[in-house]
Amino acid sequence: MPQWNFCPRCGRQLVWREKDDGRLRPTCLNCRYTHYANPALAVGVLLTDEQNRVCLILRGEEPRKGYWGLPAGFMEGDETAEEGAVRECQEETGLNVELEGLYQAFSYQHSDHNTSGVLLVYRARIVSGTPRAGTDTVDVKFVAVDEIEVEMLAFHTHREALEKWRGGLV
Ligand SMILES: [Zn+2]
């Protein structure tokens, strides 16, 4: 369980209290603030080129540094999911892309950290730019479907997305 020690509203110490739904949640006894640990929302792209190769980025930061993944990251509070997917791709690959619709939503859960989230993967095509490593990434490549090294993929959600894509090609 993550520790939420102090109330973000009034600064008093939070205590664990059982709520009406039966769950224990960090609660402020002073101002009645309740902390809800809501799941994270990540956005990414399944970006293919004219040869129908898929864009992968080599992660330069933890978690899963040194593993490959789809261009993806967490959505910011001041953008739409679509804007986030385009932004993450631009930051990580140097490519400006246009989205072609939602590919699929992939759910994940880390039982050891008691966290969960959803990754929205969009189909995308390149509008402009040259592939280059960007923030948090150290390499960018386009790989053919039979060149994907599944064991070198960072996250199971990315693996699921690529396996679905591969399954649709054969
Ligand atoms: Zn408070």
Side-chain angles (χ1 to χ4, degrees), residues 1-47 55-124 129 132-140 152-164:
M1 277 276 171
Q3 289 300 307
W4 306 96
N5 289 327
F6 296 102
C7 177
R9 276 201 202 138
C10 75
R12 299 287 179 87
Q13 188 137 23
L14 296 175
V15 294
W16 291 91
R17 281 289 181 276
E18 186 174 331
K19 296 296 175 176
D20 292 343
D21 59 10
R23 284 175 175 261
L24 287 169
R25 299 185 190 277
T27 304
C28 178
L29 299 181
N30 183 52
C31 75
R32 310 187 77 78
Y33 169 82
T34 302
H35 180 81
Y36 292 88
N38 294 124
L41 190 58
V43 287
V45 293
L46 186 66
L47 174 64
C55 182
L56 296 180
I57 55 98
L58 182 59
R59 298 177 57 80
E61 301 289 334
E62 297 294 349
R64 307 297 277 164
K65 183 179 177 178
Y67 287 82
W68 293 87
L70 299 171
F74 290 109
M75 192 179 155
E76 298 287 352
D78 61 353
E79 65 186 2
T80 64
E82 290 82 3
E83 287 168 348
V86 169
R87 174 187 54 75
E88 284 291 344
C89 187
Q90 210 288 325
E91 288 175 1
E92 294 189 344
T93 71
L95 296 169
N96 299 306
V97 298
E98 192 172 75
L99 302 186
E100 298 179 311
L102 182 64
Y103 185 61
Q104 190 172 314
F106 297 90
S107 182
Y108 64 89
Q109 186 187 22
H110 302 298
S111 51
D112 48 337
H113 301 300
N114 203 29
T115 55
S116 63
V118 173
L119 169 68
L120 299 177
V121 177
Y122 290 88
R123 282 298 258 133
R132 52 129 187 86
T135 53
D136 305 343
T137 59
V138 289
D139 198 9
V140 180
M152 288 309 293
L153 295 173
F155 305 110
H156 85 79
T157 47
H158 296 208
R159 209 173 301 147
E160 278 181 56
L162 287 163
E163 282 172 351
K164 176 184 170 170

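All of these numbers come straight from a predicted model, not from anything done at the bench. For ligands, and for the atoms within them, numbers begin at 1 and follow the listed sequence. Worth knowing before you read on, the calculation uses all heavy atoms, side chains too, and leaves out hydrogens, waters and symmetry mates.
- Under the 4.5 Å side-chain criterion, counting only non-hydrogen atoms from C-beta, T34 is not in contact with R17.
- Applying the salt bridge (Lys or Arg N to Asp or Glu O under 4.0 Å) rule to D21 yields the partners R25; only residues at least two apart in sequence or on another chain are considered.
- Every pair passing ring-ring contact (aromatic ring centres under 6.0 Å, His included) that includes a residue from residues 83-110 is listed here, sequence neighbours excluded: Y108-H110.
- Of all protein N/O/S atoms, those under 2.8 Å from the Zn ion (ligand 1) are C7 SG, C10 SG, C28 SG, C31 SG, and waters are not counted.
- Atoms CG and CD1, on L70 and I57 in that order, are 8.0 Å from each other to the nearest 0.5 Å.
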Contacts table for residues 85-98: side-chain donor-acceptor under 3.5 angstrom, sequence neighbours left out:
| residue | atom | partner | partner atom | Å |
| --- | --- | --- | --- | --- |
| R87 | NE | E79 | OE1 | 2.8 |
| R87 | NE | E79 | OE2 | 3.3 |
| R87 | NH1 | E91 | OE1 | 3.4 |
| R87 | NH1 | E91 | OE2 | 3.3 |
| R87 | NH2 | F74 | O | 3.2 |
| R87 | NH2 | E79 | OE2 | 2.7 |
| E92 | OE1 | A72 | N | 3.1 |
| T93 | OG1 | C89 | O | 2.6 |
| T93 | OG1 | L95 | N | 3.0 |
| N96 | ND2 | S128 | OG | 3.0 |
| E98 | OE1 | R125 | NE | 3.2 |
| E98 | OE1 | R125 | NH2 | 2.9 |

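- Atom CZ of R64 sits about 8.5 Å away from atom CE of M152, to the nearest 0.5 Å.
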